[in-house]
Amino acid sequence: MYCLQWLIPVLLIPKHWIHPAFLIEQALFMWFYIVGFFLERRPCHICSGIFFIALALICYSDPDSCIFWPTCAKKLNGEVCTYVYRDRVSP
């Protein structure tokens, strides 16, 4: 279970709130980090399973909060994602 200490913080990183264009760079960075981690550290099957199950549950429950998919529904002529607009406008 030592290998989970490098994987669990990845699940806690929030999506960018600045501009939808930065979502692609963040998703690519996260994919490269995960691939590099698995190639270098070679975590055990149990840790890998726990991580991918947690990732699947997070991404399935709210696709807008999943940092591995660089998509969002856009508002204001593509300048802001709807989840940011919804949180900023509604009191």
Side-chain angles (χ1 to χ4, degrees):
M1 293 291 186
Y2 174 75
C3 42
L4 272 180
Q5 77 177 1
W6 295 98
L7 289 174
I8 296 223
V10 172
L11 299 175
L12 301 175
I13 297 174
K15 248 184 174 178
H16 276 299
W17 287 60
I18 301 170
H19 196 273
F22 294 118
L23 294 177
I24 295 170
E25 283 113 16
Q26 184 183 21
L28 282 174
F29 173 75
M30 297 312 296
W31 279 110
F32 284 134
Y33 176 80
I34 294 298
V35 168
F37 176 79
F38 274 86
L39 290 176
E40 181 185 349
R41 301 282 174 130
R42 297 185 184 170
C44 63
H45 297 290
I46 296 171
C47 293
S48 301
I50 290 171
F51 174 74
F52 285 120
I53 288 171
L55 181 67
L57 289 174
I58 289 172
C59 291
Y60 179 74
S61 67
D62 187 14
D64 279 340
S65 69
C66 184
I67 60 172
F68 289 97
W69 310 126
T71 59
C72 72
K74 298 175 180 93
K75 282 246 190 206
L76 301 175
N77 201 16
E79 292 295 321
V80 68
C81 293
T82 54
Y83 62 89
V84 176
Y85 184 76
R86 182 178 56 233
D87 292 342
R88 300 283 173 130
V89 172
S90 62

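Of the possible donor and acceptor atoms, none in the side chain of Trp6 sits under 3.5 Å from a partner among the backbone N and O of Phe37.
Rounding to the nearest 0.5 angstrom, the gap separating the SG atom in Cys47 from the CD atom in Gln5 is 10.0 Å. Note that the CD1 atom of Ile58 and the CG atom of Leu11 stand 4.5 Å from one another [nearest 0.5 Å]. How far CD1 of Ile34 is from CG of Leu39: 11.0 Å, rounded to the nearest 0.5 Å. Between atom CD1 of residue Ile50 and atom CD1 of residue Ile8 there is a gap of 7.5 Å, rounded to the nearest 0.5 Å. Interatomic distance, CE of Met30 versus SG of Cys66, reported as 10.0 Å (0.5 Å rounding).
Cluster membership for Tyr33 and Phe68, using ILVMFWY side-chain heavy atoms within less than 4.5 angstrom, is shared.
Shown here for Leu7 and Phe51, the closest heavy-atom pair between the two residues is O-CE1, 3.5 Å. Nearest heavy atom pair, residue Val10 against residue Ile67, reads O-CD1, 3.5 Å.
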Next item on the list: In sequence, state the C-alpha distance, the side-chain angles, and the governing distance for Phe52 and Tyr60, and then conclude on ring pair (Phe, Tyr, Trp, His ring centres under 6.0 Å).
Entry: CA-CA 12 Å; Phe52 285 120; Tyr60 179 74; over 10 Å; no
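Residue-environment remark: CZ (Phe29) stays at or below the threshold of 12 foreign heavy atoms within 6.0 Å.
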